[in-house]
Each structure stands twice: as structure tokens, then as C-alpha cells.
Peer 1: 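Got a structure here, written out as C-alpha cells. Questions coming.
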Amino acid sequence: MNYLLAFLFGGLVCAAGQVVLDKSKLTQADLMVILVVVGSLLSALGLYKPLVDTFGAGASVPVSNFGHVLTQGVMEGYAKDGFFGVFAGGVTKAAAVLGAAILFGFTAGLLFRPKG
Amino acid sequence: MLRERESPQAKRYARLVEQEKPRVDVGGNVLKAFVVGGTICLIGEVIKTYLMSFGLSGEVAGVWTSIALVFLSALLTGLGIYDEIARFGGAGSAIPITGFSNSVVAPAMEFRSEGAILGLAARMFVIAGPVIVYGLVSATVFGLIRSVLF
Amino acid sequence: MNKTFTLKNVYVEETASVVGPTEGAGPLGDLYDVVIPDEIYGESSWEKAERKMLIESIGLCMNKAGYEPADFDMILAGDLSGQLISANFAARDLPIPFAGIYGACSTFTLTVGMGALLIEGGFMDRVIAGASSHHETAEKTFRFPTELGVQRKATATWTMSGAAAVILGRSGPVRVSEVTFGRVVDYGIKDANNLGAAMAPAAFDTLERHLKNLGKRPEDYDLIATGDLGSVGQIMLKHLMGDSSMGSGNLTDCGLLVYDTRQDTHAGASGCGASACVFSSHFFPLLKKGHIRRLLLLATGALFGLTTAQQKESIPSTSHAICFERVEES
């Protein structure tokens with residue numbers, strides 16, 4: 001059941017994104033930015049966590065989750081350390097994924113040649 | 001001076017261009033995006049469930065899942081496979097975290113020929129950079145409003 | 001009306017083309033002189049691969065005609081990259097005076113036209129005109145890294161990997177008989193994914209002036225070939241021609257001849273290489289054999305840059321027309 005929910009919700013987010021790409025002048029980069037901002041907004045409103053709880057990876061794999069993680073980091077940071085936490089919290093929470101992207105990106109850039 | 005670009009003739013022409021644009025098979029594209037995006041999320045759920053079977057908490061397993069997907073996407077991008085998936089999947093392969101990873105790895109590979117520092121490293125975030133910037137800015141704004149006001 | 005030049009003494013002696021694997025798999029695949037095995041062509045960057053293709057096409061053309069570099073007065077060549085790096089660096093390996101010429105995708109007929117006038121004017125005897133483009137070089141420079149997963153728009157053309165060179169001289173099987181250089185035309189189109197629509201008014205402007213200056217009709221040519229308008233641009237050109245009651249003639253587009261529809265290249269081939277390679281390997285043999293006698297080639301170019309596109313400016317375009325005629329044996 002979890003698998004089905006993840007597939008359906010993740011698929012729906014992507015399908016909605018495709019409609020935006022095909023029906024508007026927005027580029028893929030625009031779309032990713034919009035999703036991150038939407039994820040952040042939903043997170044601040046307390047609406048993103050229920051999505052992750054219900055749909056699992058269906059909500060946590062789309063890039064909107066990145067906005068959610070950053071926002072949770074800021075809010076947890078503020079609760080714990082005040083304004084210092086606002087600056088440190090977001091990146092702290094997202095650090096693992098950013099680290100992975102930089103390290104794997106660097107390694108792949110050294111190891112592989114583009115094929116075109 | 002040729003000033004066609006502001007003439008009524010040019011406006012008529014622009015309208016005609018819109019009419020003559022080939023129709024995009026939006027239905028087909030959306031279906032493909034749904035299947036590809038759904039499948040990537042399904043793979044994520046499988047990885048997460050597997051990790052949790054070792055007793056990892058949902059949150060930790062979630063982070064490991066993201067790292068695993070970033071790795072898989074980096075590998076597929078390196079092997080020249082991810083862009084072929086994207087040609088088919090469109091938004092379905094762009095929106096998941098694998099698309100974020102692809103957007104880091106692809107320029108790193110492409111600009112390696114301009115050097116390891118100003119090529120590979122400097123260009124790495126040419127597409128992912130805006131996502132991080134707007135993610136952090138909106139997280140700070142929305143997070144702070146929520147924390148301070150409510 | 002700005003001039004059309006009619007020429008008596010300029011001929012195409014020989015041609016040669018080198019194309020990429022995707023182009024080699026297209027409908028004209030067997031006609032090109034060289035189809036390279038992969039886009040990188042044994043080099044360490046796309047830019048070096050493009051340069052190698054251009055050098056090879058020029059060298060091949062000289063060999064086919066049996067000439068040495070000393071037999072030429074000038075090379076005129078261009079490409080799409082910043083500072084014309086393919087043409088400039090190719091010229092580094094050739095001991096022949098050189099001028100790099102930029103006309104975006106209209107470069108081929110611009111170099112042929114200028115070379116032809118230099119010969120007709122009596123200043124030069126033999127000139128090489130060439131042009132190149134490379135799919136990955138263009139993607140990297142103007143769009144996205146090649147391994148980035150993006151879906152192309154249906155109106156977008158596919159920059160072709162191809163280089164071609166032609167030798168212009170004072171005798172040969174095909175004569176360069178008419179030259180009309182393009183004005184820069186801008187109908188306000190801003191969509192960089194629909195360059196065909198931006199360039200169609202430029203092709204029409206040059207075609208209309210060419211025909212009016214000479215008192216001719218489209219039917220006077222066996223074939224009128226635009227450079228890389230692609231499917232959408234060609235439809236727009238037909239609209240413009242229909243509105244002006246000039247009649248359509250036998251219209252084709254080099255970009256539409258390069259790929260077949262199953263190759264997923266959307267609106268067709270584009271780039272300097274499109275008109276250059278299709279002329280060199282398809283039209284030139286047709287003219288030589290007499291299958292067509294009079295060809296009007298209108299290479300089309302979008303004269304914009306990444307910066308102007310990001311600053312939301314519209315796309316100025318141009319087109320240069322050359323009439324090639326079969327020399328009848330008497």
C-alpha cells in the first residue's frame with residue numbers, strides 16, 4: 001500500500017509539473033525553483049509533514065521536499081538557538097543531501113566524459 | 001530603418017506563429033511524466049522501507065534514501081543514461097531529487113574541459129544554485145514568519 | 001531597392017562535407033564525404049571535434065580538386081561559437097590568408113557570396129568558403145550541458161554536427177550567377193525555441209528583393225532551398241509568400257532534408273552546417289548531373305546571443321541568397 005501511495009502521489013506531482021512545462025513558457029529550472037518555494041510554504045503552514053507521513057517517498061523524493069527540509073531546519077533552529085538558528089538551521093538540516101550532491105557531482109565530473 | 005518589430009504587420013505575424021505551432025501531445029507527455037516520476041518515488045520508497053527494516057528511524061532512512069538516489073542519478077548521468085530517461089520522462093525525471101542531482105553532475109562533466117576549478121567546480125551549481133538560493137530564502141522567510149508570529 | 005549582383009565568371013569547382021553520426025544516419029547519410037563515428041571524434045572537447053571536422057572538410061575539398069594551399073587566395077569561413085573559434089583555429093593549421101565571417105546559420109551563403117564577388121571583381125582567382133556547426137558545442141554554449149535531462153520543445157531545431165567547404169574559382173561544373181545579401185529583419189519574435197519563425201521574415205525579405213531586382217518569379221528556379229527554417233519556419237515563409245501573391249515555387253529547406261522524423265530531432269536541422277553540408281553533398285551533385293539546373297539557396301541566420309535572449313530582446317535575423325546554375329556542356 002505504501003508503495004502504491006508513493007507511486008501515485010509522486011507521479012501526480014510530476015504530471016502537474018509536466019502540464020506547467022507544456023502549457024506555459026516556464027523552463028525546467030523555473031519549475032524546480034517554484035516547487036522548492038511551494039514546498040517551503042506548505043512546510044511553514046504545517047501541511048508538508050502530513051504529506052510525507054501519508055505518501056512517504058511520494059512526497060519526500062520530489063524537489064519540493066528540499067524546501068520542506070530547509071524550512072523545518074529554520075524553524076527548529078529558531079526554537080533551539082533563536083536567530084542564530086535561523087541562519088544555521090536550514091543548511092544544517094539539508095547538509096547531507098547537499099554534501100552528497102557536491103561529492104558525487106565532483107567525482108562524476110572527474111570520472112566521466114559527456115557523451116552528447 | 002527597418003522597424004517591423006513594432007508594426008501591426010509584426011503583431012499579425014506573431015499571432016500566426018502561435019497558430020502554426022505544432023500541437024504538443026500534452027496528454028502523452030503528462031502520462032509519461034506520471035509513470036517516470038512515480039517510478040522514481042516508488043524506488044525511493046523501496047529503499048526507505050529496506051533501510052527501516054534495519055531499525056533506522058523514518059527520518060534517518062529518508063536522508064539515506066535521498067543520498068542513495070543522488071548517487072544513482074549521478075551514476076546514470078555519468079553513463080549518459082539520465083538525459084535519455086529525461087527525453088522520455090520530462091518533468092517526471094526533473095522534479096525528483098534525481099533531477100537535482102543530474103543538474104549538478106551534468107555541468108560538472110560538461111565543463112571539466114575548462115579546468116577542474118573554474119570549469120568543473122565553478123559551473124557545478126549553474127542550475128542547482130537557484131534551487132538552493134530560493135529554497136533557503138523562502139525557508140527563512142516562511143519559517144521565520146511562522147516561528148515568530150504563530 | 002538594395003542591389004542583387006549578377007555574376008559571369010565565378011564557379012563552384014569542388015565541395016566536401018564531414019558530418020556527425022546522427023546526420024550520417026539520416027536520409028542523406030550516404031551522400032556526405034565523411035561520417036564521423038562519434039561526436040567527440042577522438043578529441044578532448046566538443047570544440048576541438050568541430051574544428052577537426054572543419055579542417056578535414058577543407059583538406060578533403062582541396063585533395064578532391066587536386067590543389068595545394070598555395071593555389072588559394074583566401075579562406076572565408078565561420079561557425080556559431082564565440083569569437084569564431086572553430087574557423088579561426090582551423091585557419092591556424094592552413095597557410096592561406098583567412099577571414100572569419102559570422103552570419104550565424106546564414107554563414108555559408110554569406111561566405112560564398114563574398115568569395116564570389118572577390119573573384120568576379122577580378123581581385124582573386126580561387127577562394128575556399130566554409131562553415132561548421134556541432135550539436136554538442138552549440139548545446140553547451142547556448143542551451144544546457146549535454147548530459148542534462150531536458151525535454152526539447154516541438155518547435156526547436158536540432159543544431160547539426162557538420163562542416164563543409166566549397167572551392168570557388170574561374171571554371172567548374174556549377175556557376176554562381178546571382179547574389180543578394182540579406183538585410184537584418186526583426187518581426188519581434190522572442191522565442192529562442194522557435195528560430196524558424198524568427199527567421200522566416202528575413203528569408204522572405206531577401207527572396208522578395210532578389211526576385212524583384214531580377215524581374216523573376218519563384219517558378220524560374222527549379223528549386224528554392226532555405227537554410228534551416230525547419231518545419232514551423234517553412235510554414236511561416238509560405239504564409240508570407242502567399243500574402244504577397246508571389247506564388248510558392250518549388251520550396252524546400254535544407255534543415256528538413258537532414259533527418260527523418262523518427263530521429264526525434266523535432267523541427268529539423270539547424271546550424272551553419274545545415275545549408276553548407278546539404279549544398280555540398282546533395283544539391284551540388286544534383287546540379288552537376290543536371291537533375292536540377294537552377295537552385296536558389298537562401299541560408300538563414302538568427303543574429304542573437306545568449307545575453308540578448310536573457311535580456312528578453314527579440315531575435316533579429318538575416319538571409320543571403322545565392323543562385324547556383326548548372327553549366328551546360330556546349
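Proteins get letters first, then strands, A, B, ... in listed order; numbering begins at 1 in each. This structure is a prediction, so every number in the text was calculated from the model and none was measured.
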Peer 1: CZ of B:R23 to CG of A:D22: how many Å apart, nearest 0.5 Å?
Peer 2: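 Taking CZ in B:R23 and CG in A:D22, the distance rounds to 12.5 Å.
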
Peer 1: At a 4.5 Å cut-off on heavy atoms, which part of A:L35 comes close to chain B: side chain, backbone, both, or neither?
Peer 2: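 For A:L35, the contact with chain B is made by the side chain alone.
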
Peer 1: Let's test your reading of the structure: which of A:V36, A:L5, A:V19, A:V86 forms the most heavy-atom pairs below 4.5 Å with chain B?
Peer 2: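 Option with the greatest count: A:V36.
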
Peer 1: Is it the backbone or the side chain of A:F87 that comes under 4.5 Å from a heavy atom of chain B, or both, or neither?
Peer 2: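 Neither part.
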
Peer 1: Can you tell if the side chain of B:V148 reaches within under 4.5 Å of the side chain of A:Y78, non-hydrogen atoms only?
Peer 2: yes

Peer 1: At a heavy-atom distance under 4.5 Å, which candidate from B:L42, B:V105, B:N29, B:I127 has the highest pair count against chain A?
Peer 2: B:N29

Peer 1: For the atom pair CZ (A:R113) and CD (B:E110), what is the distance rounded to the nearest 0.5 Å?
Peer 2: 10.5 Å

Peer 1: Side chain, backbone, both or neither: which part of A:L21 has a non-hydrogen atom closer than 4.5 Å to chain B?
Peer 2: side chain

Peer 1: Once rounded to the nearest 0.5 Å, what's the spacing between atom CE of A:M75 and atom CD1 of B:I145?
Peer 2: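 Going from CE on A:M75 over to CD1 on B:I145, the span is 11.5 Å.
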
Peer 1: What part of B:I67 gets within 4.5 angstrom of chain A, counting heavy atoms only: side chain, backbone, both, or neither?
Peer 2: both

Peer 1: So, for A:A96 and B:V63, which heavy atoms are closest and what is the spacing to 0.1 Å?
Peer 2: CB-CG1, 3.5 Å

Peer 1: Identify which of A:V97, A:V61, A:N65 forms the greatest number of heavy-atom pairs closer than 4.5 Å to chain B.
Peer 2: A:V61

Peer 1: For A:L8, is it the side chain, the backbone, both, or neither that has a heavy atom closer than 4.5 Å to a heavy atom of chain B?
Peer 2: both

Peer 1: Backbone N or O of A:A6 within a donor-acceptor pair of the B:E45 side chain at under 3.5 Å?
Peer 2: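 Looks like no, no N/O pair under 3.5 Å.
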
Peer 1: Out of B:S73, B:A74, B:A94, B:G62, which one racks up the most heavy-atom pairs below 4.5 Å with chain A?
Peer 2: B:A94

Peer 1: With heavy-atom distances below 4.5 Å as the criterion, would you say the side chains of B:T49 and A:Y3 are in contact?
Peer 2: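 A side-chain contact exists here, since the closest heavy-atom pair is under 4.5 Å.
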
Peer 1: At what distance, to the nearest 0.5 angstrom, does OG1 of B:T140 lie from CG of A:L70?
Peer 2: 8.0 Å

Peer 1: Counting C-beta onward and ignoring hydrogens, is there a side-chain heavy-atom pair between B:I97 and A:V63 closer than 4.5 Å?
Peer 2: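 Answer no - side chains too far apart.
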
Peer 1: Using the benzene-type ring in the case of Trp, are the ring centres of A:F66 and B:Y134 under 6.0 Å apart?
Peer 2: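 No, they do not, as the ring centres are separated by 6.0 Å or more.
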
Peer 1: Quick one: what part of B:L31 sits under 4.5 Å from any heavy atom of chain A, side chain, backbone, both or neither?
Peer 2: neither

Peer 1: When only pairs under 4.5 Å are counted, which of A:V52, A:V20, A:L110, A:I34 shares the most heavy-atom pairs with chain B?
Peer 2: A:L110

Peer 1: Do A:F112 and B:T77 touch side chain to side chain, with heavy atoms closer than 4.5 Å?
Peer 2: no

Peer 1: Can you say whether B:S101 sits under 4.5 Å from chain A via the side chain, the backbone, both, or neither, judging by heavy atoms?
Peer 2: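 Contact with chain A is absent: no heavy atom of B:S101 under 4.5 Å.
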
Peer 1: What distance separates B:I40 CD1 from A:C14 SG, expressed to the nearest 0.5 Å?
Peer 2: 7.0 Å

Peer 1: For B:R123, does the CZ atom sit with more than 12 other heavy atoms under 6.0 Å from it, leaving out its own atoms?
Peer 2: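 Open: at most 12 neighbouring heavy atoms sit under 6.0 Å from CZ of B:R123.
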
Peer 1: Find the one option among A:L111, A:T107, A:I102 whose heavy-atom pairs under 4.5 Å with chain B are most numerous.
Peer 2: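 Among the listed options, the one with the most contacts to chain B is A:I102.
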
Peer 1: Report yes if some heavy atom in the side chain of B:V104 is under 4.5 Å from a heavy atom in the side chain of A:F104; otherwise report no.
Peer 2: no

Peer 1: Would you compute the distance between atom OG of B:S147 and atom CD of A:E76 and round it to the nearest 0.5 angstrom?
Peer 2: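 Going from OG on B:S147 over to CD on A:E76, the span is 10.0 Å.
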
Peer 1: Given a strict heavy-atom distance threshold of 4.5 Å, which part of B:V46 is in contact with chain A: side chain, backbone, both, or neither?
Peer 2: both

Peer 1: Mind ranking B:G143, B:S138, B:A108, B:G37 by heavy-atom pairs under 4.5 Å with chain A and telling me who comes out on top?
Peer 2: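 Top option by heavy-atom pairs under 4.5 Å: B:S138.
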
Peer 1: Got B:I95 and A:M32 here, is their nearest side-chain heavy-atom distance under 4.5 Å?
Peer 2: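 B:I95 vs A:M32: side chains apart.
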
Peer 1: Please state whether the side chain, the backbone, both or neither of B:V24 comes within less than 4.5 Å of a heavy atom of chain A.
Peer 2: side chain

Peer 1: Under 4.5 Å heavy-atom distance to chain A, tell me which part of B:F125 shows up: side chain, backbone, both or neither.
Peer 2: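 Side chain only.
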
Peer 1: Side chain, backbone, both or neither: which part of A:V13 has a heavy atom under 4.5 Å from chain B?
Peer 2: both

Peer 1: Please report the closest heavy-atom contact between A:G10 and B:C41, naming both atoms and the distance.
Peer 2: CA-SG, 3.5 Å

Peer 1: Are the side chain of A:K115 and the backbone N or O of B:G78 linked by a donor-acceptor pair below 3.5 Å?
Peer 2: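 Yes.
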
Peer 1: Which bit of B:I43 is near chain A, if near means a heavy-atom gap under 4.5 Å: side chain, backbone, both or neither?
Peer 2: neither

Peer 1: Against chain A, label B:N102 side chain, backbone, both or neither, depending on which of its atoms sit under 4.5 Å from a heavy atom there.
Peer 2: neither

Peer 1: For a quick test of reading the model, state the closest non-hydrogen atom pair linking A:S40 to B:F142 and the distance between them.
Peer 2: OG-CD1, 3.2 Å

